[in-house]
Amino acid sequence: MSEERTYDFRTVERALQERWERDGIFVARDDDPREKYYVLEMLPYPSGDLHVGHAKNYTLGDAIARIHRMRGKNVVHPMGWDAFGLPAENAAIQRGIDPETWTRENIENMRRQLRLMGTSYDWTRELASCDPEYYRWNQWFFIRMFEKGLAYKREAPVNWCPVDQTVLANEQVEDGKCWRCGASVERRNLAQWFYKITDYVERLLAGLDRLDGWPERIRTMQRNWIGKSEGVTFSFDVENVEAQIEVFTTRIDTVFGATFVAVAPEHPVVEKIFERFPKSRRRVEEFAATLTSKSELERTQLMEKTGVPTGAYAINPLSRERVPIWVTNYVLAEYGTGAVMGVPAHDERDFDFAKKHALPIAQVITTPDGSLRAPLHEAYVEDGKLIASGEYIGMKSAAARRAIAARLEAMGRGKTTTNYRIRDWLVSRQRYWGTPIPMIVCPADGIVPVPDDQLPVLLPKDVQFTGQGSPLANDPAFMNLTCPKCGGAARRDPDTMDTFVDSSWYYVRYLDPHNAVKPFDDATASAWMPVDQYIGGAEHAVLHLLYARFFYMFMIDEGYVHGDDEPFTRLFNQGILLYNGEKMSKSRGNVVGIDETVDKYGVDAMRLFLLKAAPPEDTLDWTDEGIIGRVRFVQRIWRATEPLTQAARALPLDRLPELRGDAQRELVRALHVALESGKNETETHRFHYNVTTAKLDELINLLTAALREPGAQDDPAVLYTVHALPIVLAPFAPHLADELWSRLGYDRSVHLERWIEPDPVALAVAEITLVVQVNGKVRARLQAAPGIGEDDAFALAMREPTVTAQIDGKQVRKRIFVPDKLLNIVAA
RNA sequence: GGGCACGUGGCGGAAUCGGCAGACGCGCUGGAUUUAGGUUCCAGUGGGGCGACCCAUCCGAGUUCGAGUCUCGGCGUGCCCACCA
């Protein structure tokens, strides 16, 4: 290959990135009259360097943004930084680097790398959550929530990560371990701030039903996390003790099968029982001590069900039976009432427990046909028909549930109840690098919010990082102040906010990012919201995506923004990227960096490979060989089209050229097939650009074949294709496309051009291939005019020896005809 | 243990309103050009058979004129949830 025919991607790519930036062609204007489109990738944590896994995520979002722009939408495509968080603080503790310096340097580097990737972000909207101009609004929202009773402080058993030295929200504990560092989480009783997400459970659930642009599995995960369950709460009397035990059950139809009552060790009734049965105290407290010494992980996962009897008995309000009360390890204090009725015959957990402690098992439900399995080897947990249940014998489970609930209600002993698994969102953290909680504790006035005109409460600089305790609590200059109410001495709340607060509303701030008097202007924000396409990994299914929905509903309710209360109309979950089958990570030392990749192969080749190698929702395995094909592709396009750019400009794009012969039609058709694919993959929200790029390959294969023919330089199909090619290439290989466009003689960027509507005339085929089957097996393929009738097709088919050979000696029983596709002759 | 996906050449993947299985790319084989090539271009590339043909989308049944696609059963892989009463 001669030098001058090589595409110098390094020079071209850098130059074009500078030109796009200088001309501001991706800046979204509020006053643009075209239909808006908001495409957003989840904002990144500035961890240091980007690798090709990040590039997979951002390339998809960028292709979507670019193609929507070309299809006439007013696209907003912003980017920013989830800049608070522990890694910065850990760098401070371990290496003595200021968290802000560390974070800002990473942001600089990652912004450079995102630009290097040729992304079309509107950088005028950039934000970083560690900017005081941003986090002051975290504080402002906190105070608004506090005023509405949606932010509150209370002492509760909370998750404590011993490594990160802070509390965690329930959503941030996975398998009993810290989501960030993997340490086993401990339970501690601490006074903490919560956001009352539980007030929004029904709306969060109802919204999920409408979010048909979300993957079903994410919706299911959120439903499961919210964990709505409907049942009955009712009470047992305790024999000889002045107390009742409330229990919650979804299976009140099994109440006659209760053979014990199980309570959590922390349940208040236990103390009351000790007054009457003092000898039980030691046994129960020893048992409870064995539990608290265990980590949350061991407690919930590894332990078999155990317990100790309290010595007391409860009276079943319906059967009047007397059943023992046990303290157990499998009843959770924080869910329901902290106590359950034990029905071993019809609940797996109660069954295991009863087997272990030799408690009686009383079967009260049979299969729907009335058959009884005895003895039970496992709990029968399905609905069925009631037996041994007093006046309810013979009823079906569903009817019995209604009847018994009504009876308990009439007795004044119970009511139907709805319980949820989700707990309020614990938002305070005992760490430095986050938003200070804007609250003051005054000895006289109690908890007092910082007045709005004193916001932001700035994070102090020069704090000591010991890795122990809340760093802010050790800073007297920060902590001590006068109470805004009474003027007396008071102290600040030393905690900072969960960084998931930052990411709960950033997508609205992008829409009015420089507002100094409000988080954002309601009219400006409402004109852009909701996010039309949100893109990110599935790891945030019940973290960010649940918090953000809650936060947005609050903002809607308060009138800060108007419209539907779901912020993300569509959600696309990207598949992860592997390298030779392994996850890419610094610790494995197998990171494929952006800088090296771009320098070696070029941005467009990288982008094309990431889009082509697999559908975007699939896991993609990065291989060093695979990208070679895209490097070749880029160079092939250059060699084929660049020499013709002068001549090609003469062929207008607003109409099809005059075509003669099949080869020309086929070439132009391939172009329009690619245009149609790009359009369809975008409009159906499938984004399978792996198929669209394959169509581009076919187009280039046809083009290079056409160029071998004599007279190709004057062929209208060739020239038209060369002229149109930058348009169809632009979302995927934006630099190559723009460079070719400028060689065609255009001053304006190709990214400001309109996508060409696929033309039905160009897409039409001159001849169809009709498949002829005999008894379902392909025997011949006929070339025929589109629209050929069944009888004509049959007549043609019967001239094919491979067809007649199969029918010979048989009778044609039936013909199946699919126009322009297939003729199946059934013969026997 | 439960739920949800998924299972196609040596590899990534196409083809899902049931109608040509393997588009496109990587890799591989052969050829041309080249002093040379990690270059470019051309051709070939699921298996079997001399052949007309036969077999083939994890395995096994079924529905159908016709099944990668639908149904049932098994096996395997992935993800999520796992004492929430």
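Protein chains get the first letters and strands the later ones, always in sequence-line order, with residue 1 at the start of each. All values reported here derive from a predicted model rather than from experimental measurement.
The residue A/Thr337 sits apart from the nucleic acid: no heavy atom pair falls under 4.0 Å. Among the heavy atoms of the strands lying under 4.0 Å from A/Gly629 are primed sugar atoms or P, OP1, OP2 only; no base atom is included. Within the nucleic acid shown, A/Arg219 has no heavy atom closer than 4.0 Å to any nucleic acid atom. Within the nucleic acid shown, A/Glu625 comes within 4.0 Å of sugar-phosphate atoms alone, with no base atom in reach, counting heavy atoms only.
Atom CD1 of A/Ile637 is separated from atom P of B/rU40 by 14 Å (rounded to the nearest Å). In this entry the distance linking CG of A/Asp352 with C1' of B/rG1 reads 11 Å, nearest Å.
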Practice task
Mind running side-chain hydrogen bond (donor to acceptor under 3.5 Å, both in side chains) on A/Tyr547 and A/Glu171 for me, showing each step along the way?
Solution key: CA-CA 10 Å; A/Tyr547 298 142; A/Glu171 290 80 6; 3.0 Å; yes
Practice task
Kindly determine whether A/Arg223 and A/Asp209 satisfy salt bridge (Lys or Arg N to Asp or Glu O under 4.0 Å), including the steps that lead there.
Solution key: CA-CA 10 Å; A/Arg223 281 194 197 97; A/Asp209 295 336; 3.1 Å; yes
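One N or O donor and one acceptor, one from the side chain of A/Asn824 and one from the base of B/rC65, sit under 3.5 Å apart. Remark: the A/Glu348 side chain and the B/rG1 base include no donor-acceptor N/O pair separated by less than 3.5 Å.
In summary, the aromatic rings of A/Phe260 and A/Phe353 are positioned with their centroids under 6.0 Å apart.
Nucleotide B/rA5 is matched to B/rU77 when pairs are restricted to Watson-Crick or G-U wobble geometry with both distances under 3.5 angstrom. The base-pairing partner of B/rU45, taking Watson-Crick or G-U wobble contacts with both distances under 3.5 Å, is B/rG27. Nucleotide B/rU40 forms a Watson-Crick or G-U wobble pair with B/rA32, both donor-acceptor distances falling under 3.5 Å.
For RNA chain B, the neighbouring residues in residues 810-821 of chain A, judged by any heavy atom under 4.0 Å, are A/Lys814, A/Ile816, A/Val818, A/Lys821. Contacts between residues 246-254 of chain A and RNA chain B, defined by a heavy-atom separation below 4.0 Å, involve A/Phe248, A/Thr249, A/Thr250, listed by number.
Each of A/Val778 and A/Ile422 was matched to the nucleotide of RNA chain B holding its nearest heavy atom; the match closer to the 5' end belongs to A/Val778. Along RNA chain B, the nucleotide nearest A/Gln806 and the nucleotide nearest A/Pro615 are compared for position; the residue whose nucleotide lies closer to the 5' end is A/Pro615.
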Run the side-chain donor-acceptor check on residues 609-621 of chain A: report pairs under 3.5 Å with partners two or more places apart or on a different chain.
from: A/Lys612; atom 1: NZ; to: A/Asp697; atom 2: OD2; distance (Å): 3.2
from: A/Glu617; atom 1: OE1; to: A/His688; atom 2: NE2; distance (Å): 3.3
from: A/Glu617; atom 1: OE2; to: A/His688; atom 2: NE2; distance (Å): 2.9
from: A/Asp621; atom 1: OD1; to: A/Asn580; atom 2: N; distance (Å): 2.9
from: A/Asp621; atom 1: OD1; to: A/Gly581; atom 2: N; distance (Å): 3.0
from: A/Asp621; atom 1: OD2; to: A/Gly581; atom 2: N; distance (Å): 3.2

Distance-only donor-acceptor hits, side chain of residues 796-808 of chain A, under 3.5 Å, sequence neighbours excluded:
from: A/Thr802; atom 1: OG1; to: A/Arg779; atom 2: O; distance (Å): 2.8
from: A/Thr804; atom 1: OG1; to: A/Glu800; atom 2: O; distance (Å): 3.2
from: A/Thr804; atom 1: OG1; to: A/Pro801; atom 2: O; distance (Å): 3.2

Report, one line per pair, each donor and acceptor closer than 3.5 Å where one atom sits in a side chain of residues 340-348 of chain A; sequence neighbours left out.
from: A/His346; atom 1: ND1; to: A/Tyr380; atom 2: O; distance (Å): 2.8
from: A/His346; atom 1: NE2; to: A/Val364; atom 2: N; distance (Å): 3.0
from: A/His346; atom 1: NE2; to: A/Ile365; atom 2: N; distance (Å): 3.1
from: A/Asp347; atom 1: OD1; to: A/Arg349; atom 2: N; distance (Å): 2.9
from: A/Asp347; atom 1: OD1; to: A/Arg349; atom 2: NE; distance (Å): 3.1
from: A/Asp347; atom 1: OD1; to: A/Asp350; atom 2: N; distance (Å): 3.0
from: A/Asp347; atom 1: OD2; to: A/Arg349; atom 2: NH2; distance (Å): 2.5

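Atom CG of residue A/Leu696 and atom CG of residue A/Leu671 lie 9.0 Å apart, to the nearest 0.5 angstrom.
For the P atoms, the distance from B/rG7 to B/rU69 is 10 Å, rounded to whole Å. B/rG27 and B/rC20 are spaced 26 Å apart, taking the C1' atom of each and rounding to whole Å. Here the separation of B/rC42 from B/rG78, taken at their P atoms, is 41 Å to the nearest Å.
Under a 4.0 Å N-O distance rule, the pair A/Glu216/A/Arg219 qualifies as a salt bridge.
Annotation: cation-pi geometry satisfied between A/Arg630 and A/Phe633 (NZ/CZ under 6.0 angstrom from ring centroid, within 45° of ring axis). Annotation: cation-pi pair A/Arg815/A/Phe794 present, NZ/CZ under 6.0 Å from the ring centroid and within 45° of its normal.
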Exercise for the section: For nucleotides 3-12 of chain B, just jot down a letter per nucleotide in 5' to 3' order: B, S or -, based on protein non-hydrogen atoms under 4.0 Å. Expected result: ---------S
